[in-house]
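Working notes, beginning with the structure itself.
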Amino acid sequence: MSIDTTPIDWDLSKVIPGEVVTPETDDDEDIAPGVLEVRPSYPPVLRQAGSAAMVVAAVTGKAIGITARASWTGSIWFGAGFKAGCVLGWRYLRAHDHQEVLGGMKSGTDWTKVKQTRLSRWKFLGWTALATPVLDLLGWWAITAWADIPAAYSWPILPGLEAAGAITAITAYGRYRLRAPDIAPQQVVADMDNPENEDPYPIAWVTSGGQAADCLARALYAEGADYRDVKTIARHAWGWEIEVVLKGATPGKVQAAADQMESHMGLPDGGFMIEPDTRDKSRIVVRLVQQNPFADMPAPAAHAPRSLSVHDVIVMGRAMDGSPLAMSLDGFCALIIGAMGAGKTLGALRTFNEALTACRDAVVWDLDPIKGGLSEFGSLMARVARTPEECEEALEEALSYVSARRHLMAGLGMGDRWHASESHPNLYINIDEFIQLSPRGKELAIKILRTGRQYGIYLIMAGQEATADALGDAVAMIIAYRILMACRFEDVKIAFGPGAGAQGWRPDRMKPAVGPVANDAGQAMIMGGPFNRAIRYQFNKYSRDQIVSAVADRLAAGMPAMDTDTLLKAGAKLSRTGQRGSLTDSLAQSGHDDAALILALLRAFDSTKRDYLATNETILPALTAAGFNDIDATTLATRLRKHAPSVKAGREDCLEGKYLRGWHRASVEQAAAGLLDPAQTWQNPGSTPA
């Protein structure tokens with residue numbers, strides 16, 4: 001057998017490219033013998049080009065954005081640095097720093113020194129400007145000679161480096177100034193406030209009680225007020241309470257540095273307050289007030305009618321440490337001083353009178369010689385006066401009550417001091433703008449101040465000043481309660497005493513309201529009675545609508561009236577409804593035989609609302625209707641003169657006819673007074689004061 005070795009001429013164009021697959025005999029996969037063609041994936045050219053373009057665009061855009069942002073920020077920094085550099089350069093050339101060291105240009109010598117400084121600085125700049133290009137020229141020659149760099153390419157190297165360094169320095173300095181907004185235009189470096197050194201720092205940095213004590217300690221040390229111990233008492237929403245034990249210093253020295261302390265610690269004006277310990281003069285409580293301490297004080301609710309007594313302890317507001325402002329109104333005689341807008345009328349007076357008119361054993365008067373007074377209380381005020389003359393008349397009547405009660409107290413079994421009750425209430429007289437009283441009115445007020453407190457008659461005086469001229473006498477210290485709101489320091493010395501300011505009593509550092517800005521309106525410091533703390537109080541904020549809505553309910557429940565004993569003993573004219581009601585009530589309770597007759601007469605006057613009634617035409621028919629069938633004109637006159645011998649019938653024109661015989665109400669009231677108090681029988685209570 002022969003093998004044919006003749007080569008075969010293959011037509012390679014007919015060969016399918018690929019790989020010949022020959023399965024193994026023991027292979028589990030059933031693959032037929034043949035050629036496996038491998039075809040690689042070829043994506044469309046457009047898609048491939050689009051993806052690349054997107055990548056390039058994204059990278060390029062991001063790079064452009066970053067570059068633009070960096071360039072914009074850098075330009076702002078550079079602009080700030082360049083501007084500051086120009087200001088500082090001008091300041092340097094004009095030697096402003098030298099002028100500040102001299103303390104101003106006070107003499108020709110000072111001008112000479114400043115001129116010399118300016119000249120030397122210009123010379124320094126001139127030599128610097130000359131030396132710079134010379135050094136650049138030498139550097140260019142060295143680079144060309146030893147660095148083997150052509151001269152045409154080497155000359156910009158040094159000027160370029162200098163320009164780049166200058167731009168970098170200006171930009172960095174501009175960034176520094178922008179990050180220190182408190183730096184002044186003429187200031188090179190910002191002030192350094194570092195809690196790690198011994199300098200004071202702002203209270204706003206404080207986050208713990210220890211830091212608060214350290215902040216205050218540094219400020220005290222900076223002002224030369226040495227101390228033994230400083231520790232935090234409490235953290236409030238408004239700031240910090242810190243106890244200080246002084247060493248070689250006094251509370252007055254600390255108080256004198258209040259403005260500097262506020263500056264050291266970044267407090268608002270009036271935010272540094274002290275309260276000395278009355279038992280240990282070396283101990284003080286310091287209050288660092290960062291915001292209004294009464295911002296969260298809730299609105300008060302009006303009291304129910306006749307729900308209070310002057311003997312109760314009544315909450316009138318709140319102290320800045322959170323304790324209540326509570327006081328008893330028995331013995332409450334007050335002087336309220338505050339500038340316009342301090343809150344005397346709408347704060348203190350309104351709060352006091354809201355409580356007084358809810359008391360069942362207090363009669364309240366409203367006197368204001370020039371303004372509208374407490375008009376929102378309306379008829380709750382038993383007497384209202386709006387002119388100096390009316391105020392003078394009211395004070396004269398009140399003074400007669402003082403004299404009357406002096407004689408009544410023993411008989412009523414009250415002991416050494418008037419004890420208010422529903423049948424014998426206290427009298428409270430509000431005098432707003434007391435400075436505008438007439439000289440006679442001021443004299444009467446001072447007499448009541450000196451004597452009325454023992455007999456349950458109290459003045460509540462409010463005004464803008466506490467000067468001796470305004471008071472009419474040096475009476476501030478005899479008033480039980482002295483309440484100072486935003487006022488003058490002179491008022492503090494008169495009302496609280498000459499040394500009170502050094503002990504932390506500084507209401508003059510409070511700010512009155514200005515337009516819609518409340519500031520410290522309604523806040524006060526109080527001295528007298530149980531109040532001996534140099535701390536601020538806030539009175540309740542009753543709205544006018546609250547008071548007006550309470551008036552009707554209180555009137556419906558019945559308002560207290562001056563007791564008949566006082567009125568009759570004082571010889572007061574019973575011209576007001578409340579007093580007449582008190583008189584008729586006393587007659588109704590009397591067991592005297594003539595009490596019913598006189599009561600029937602008074603009711604006849606009340607029903608007709610007239611002060612003169614004809615005997616035959618009006619009085620006798622009224623008595624007959626009341627059950628007195630055996631009374632004629634002669635019997636009536638006899639029974640009335642038995643209690644008031646001086647009274648007599650008269651003749652006047654009236655509705656029933658002309659020149660008719662009859663009786664005046666004042667005569668009947670005199671008989672009633674004599675019936676209830678036989679000591680009045682031979683007096684004329686309508687015209688003769690006690």
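Hydrogens, waters and symmetry mates play no part in the numbers below; they use all other heavy atoms, side chains included.
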- Message: Regarding S328 and D330, do their side chains bring together a donor and an acceptor under 3.5 Å, going by distance alone?
- Response: no

- Query: How about Q116 and T112: does a side-chain donor come under 3.5 Å of a side-chain acceptor?
  - Reply: no

- Output field: ring centroids Y221/Y227 closer than 6.0 Å: no

- Task: Determine, using ring centers only, whether F332 and Y481 are less than 6.0 Å apart.
- Result: yes

Sidechain N-carboxylate O distance under 4.0 Å for [X], [Y]:
X	Y	answer
D229	K247	no
E376	R350	yes
R509	E262	yes
D491	R488	yes

- Ring-face cation contact, F294 with R318, 6.0 Å cut, 45° max: no

- Task: Show your reasoning for whether side-chain hydrogen bond (donor to acceptor under 3.5 Å, both in side chains) applies to N353 and Y428.
- Result: CA-CA 9 Å; N353 285 275; Y428 296 87; over 6 Å; no

- Yes or no on side-chain hydrogen bond (donor to acceptor under 3.5 Å, both in side chains) for D432 and T345, after CA distance, side-chain angles and deciding distance? CA-CA 8 Å; D432 200 358; T345 304; 2.8 Å; yes

- Between P512 and N519, what is the shortest heavy-atom contact and its length? O-ND2, 2.8 Å

